[in-house]
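Everything on this sheet refers to the single structure shown next.
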Amino acid sequence: MPDDITDWKERCAELETLLGEAREEALYCRKIAEESGRVALREIEQLSKVIAARKKAEDALKESEYKFRSLFNLSPQSVILLNMETEKFIDVNDKFCEITQYVKEELLELTAGDLGLFCDGDRGDLVDELTRGYAFEAAEFKIRAKDGSLIDVMAFARPVRLSGEDLILCILHDMTGQKQLEKQLRYAQKMEAIGTLAGGIAHDFNNLLMAIQGNASLILLNLNTGHPHYEMMKSIEKQVRSGARLTAQLLGYARKGRYEVKPTNLNHLMRETAEAFSRTRKEIRVNLDLAGGLYVVEADQGQIEQVLLNLFVNAADAMPGGGQLHVRTRNTTHEALRGRVYRPRSGNYVLLQCIDSGKGMDKTTQERIFEPFFTTKEMGRGTGLGLASVYGIVKAHNGYIEVESYQGRGTTFSIYLPATGKKILDTGDIEQEIMEGTGTILIVDDEAMVLDVGASLLEALGYNVLQAPGGKEAVDICRDHPGPIDLVVLDLIMPDMGGGEVFDRIKEMRPGLKVLLSSGYNVDGQARRILDRGCDGFIQKPFDINQLSAKIKDILKQR
Ligand SMILES: Nc1ncnc2c1ncn2[C@@H]1O[C@H](COP(=O)(O)OP(=O)(O)OP(=O)(O)O)[C@@H](O)[C@H]1O
Ligand SMILES: [Mg+2]
């Protein structure tokens, strides 16, 4: 304890100083504490901003990665990433797996070279270009799928650098469908070109046959059956019919054959043709399997008969030791034709099938069977026109034909013909004896030999005959002839003025005049158009006297 007051005072002063210092210290400490708290707070705030920004960036990255993955995998084109040096696949999308038939894991073990990608004469140049940093576009390659089949692809590639690695980004367009369409187009063009040629030859050939047939008919009119030349003349007529069948095949192929479509029940036609065929090929058994309530189709019966006979004969030829031939009809729709390269018109169809158990065909033969003059039969046995005409006729009916064949196991031909809502009309058969008549007939044809023989046939039938060697002359005669004209036998194709124009002009002058159109074929449906304008009938060259007399009688009885 201090012993005097001075000591106390000093002691107090000391304490006061100490307290003052302590206060200052405390204030200082408080200040420091406050400041570091603020700093800490600031830092925490900043840190959370950084965290939030990073999170946002991560989310954006995830989203973009998701978008990229979806695009990559959903792309209708194949997309691949390759290592530039090793050509190993780094990434591939689903489409690439689909076309190559590999799963992704398998592909990631392989290189572009394993599939043949970039592997052809240009390979060096293309990869070189990529290595030098250039892109390339539209380079075509064939790549090998897992099953060994080759796929045509068009490649677009560019070099990219990702994570420090030099890569190739490549997009591949599958060209298989396009190549197939190109092949079909070339095939169609080839068929079209040969068709034009065949059509032209057949037309001239028909006129020759017409002249031979006409003259044979005329000679036969004056020969009794006991005459020594009678059988020979009959044989000439028979040969003409064979020749006419050949031209009919050619015209069928060229889609220029006789084309008189009418609503038809194919079951009747199938049954009749099968029966007729069975009589000629006894070693073949024909089994009919015909659908009840079969849709009606608009068909040229003669042409469909030609189709069926060709199929039956081919089937029989494929079964030289005899066998069973199954023919079927069925109602169906365009749905049955789904997945084909062509796009069928929608609606109902009638399916005709001809199934044999013969020797069948290999793939190369199958690819060529519809080409005219393609045959595997020995010289003199086949002309190779059968299926060509079948093809042309089916196309002319807006139908489709398909073949399925296995070597040693047989062949199935399937024909789809569009159904119609029209009703079948009963027309009755044309009588087949010579029917003489009276009246005046004008015959028009630019082929002198056809005109001559036609006029002689008409005269032999008892008609007065006027002749016109061309369209203009026909119009002149119709204008200037003083008496009545009962009928005109009018050729369709003539150089100066065609049948269509002559028809319109003479109908203007003599509206009641009957017209029978005669032609070897109908060019682009010309005959049909004239028939639609009120022409009274159509006769196919070469015709014989029976057919001509029946047609004329038929038209003139409506007088
Ligand atoms: N049912 C079938 N079975 C096996 N091969 C067939 C069959 N049908 C057609 N072919 C093959 O298709 C080829 C062409 O047939 P196509 O009918 O066009 O001509 P072709 O029969 O040889 O001669 P053509 O019919 O003119 O007398 C035949 O030569 C044959 O090789
Ligand atoms: Mg044939």
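When a ligand or atom number is given, it counts from 1 through the structure's own listing order. Counting begins at 1 with the first residue of the sequence.
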Once you round to the nearest 0.5 Å, how far does CZ of F543 lie from CG of L457?
7.0 Å
At what distance is the nearest protein heavy atom to [atom], and which residue and atom is it?
atom                    : answer
atom 14 (C) of ligand 1 : F374 O, 3.4 Å
atom 22 (O) of ligand 1 : T375 OG1, 2.5 Å
atom 21 (O) of ligand 1 : K377 NZ, 2.6 Å
atom 29 (O) of ligand 1 : T376 N, 2.9 Å

Taking 2.8 Å as the cut-off, does an N/O/S atom of N314 lie below it from the Mg ion (ligand 2)?
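Yes, since at least one N, O or S atom of N314 sits under 2.8 Å from the Mg ion (ligand 2).
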I need the minimum non-hydrogen distance between [X] and [Y], along with the two atoms involved.
X    : Y    : value
P263 : V296 : CB-CG1, 3.6 Å
I151 : I99  : CD1-O, 3.1 Å
N267 : A291 : ND2-O, 2.8 Å

Can you tell which part of D356 has a heavy atom less than 4.0 Å from ligand 1: side chain, backbone, both or neither?
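Under 4.0 Å from ligand 1, D356 contributes side-chain atoms alone.
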Measure T411 to ligand 1 on non-hydrogen atoms and call it side chain, backbone, both or neither using the 4.0 Å cut-off.
side chain
Let's go through L117 and L172 carefully: what are the C-alpha distance in whole Å and the side-chain angles of both, what is the deciding distance for side chain to side chain contact (heavy atoms under 4.5 Å, CB included) to 0.1 Å, and is it a yes or a no?
CA-CA 10 Å; L117 183 60; L172 298 167; 3.9 Å; yes
Heavy atom of G384 under 4.0 Å from ligand 1?
yes
Heavy atom of K359, distance to ligand 1 below 4.0 Å:
no
Polar proximity ligand 1 side, T365 side, N/O cut 3.5 Å exclusive
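No - when backbone and side-chain N and O of T365 are compared with those of ligand 1, no distance drops under 3.5 Å.
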When only distance counts, is M361 in polar contact with ligand 1, meaning an N/O pair under 3.5 Å?
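No, no N or O pair falls under 3.5 Å.
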Taking the ring centre of each residue, are F277 and F312 less than 6.0 Å apart?
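Yes; F312 has its ring centre under 6.0 Å from that of F277.
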Specify whether Y400 and Y349 have parallel, tilted or perpendicular ring planes, treating 30° as the upper limit for parallel and 60° as the lower limit for perpendicular.
tilted
Using a 6.0 Å cut-off, check whether atom CZ of R533 has over 12 heavy atoms from anything other than its own residue.
yes
Could you name the option among T383, L387, L311, L246 that has the heavy atom nearest to atom 9 (C) of ligand 1?
L387
Just going by heavy-atom distances, which of V390, L385, N314, I369 is nearest to atom 11 (C) of ligand 1?
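The option holding the nearest heavy atom is I369.
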Which of the numbered atoms in ligand 1 are under 4.0 angstrom from any heavy atom belonging to G382?
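Answer for ligand 1: 23 (O), 27 (O).
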Is any side-chain heavy atom of Q324 closer than 4.5 Å to one of V286?
no
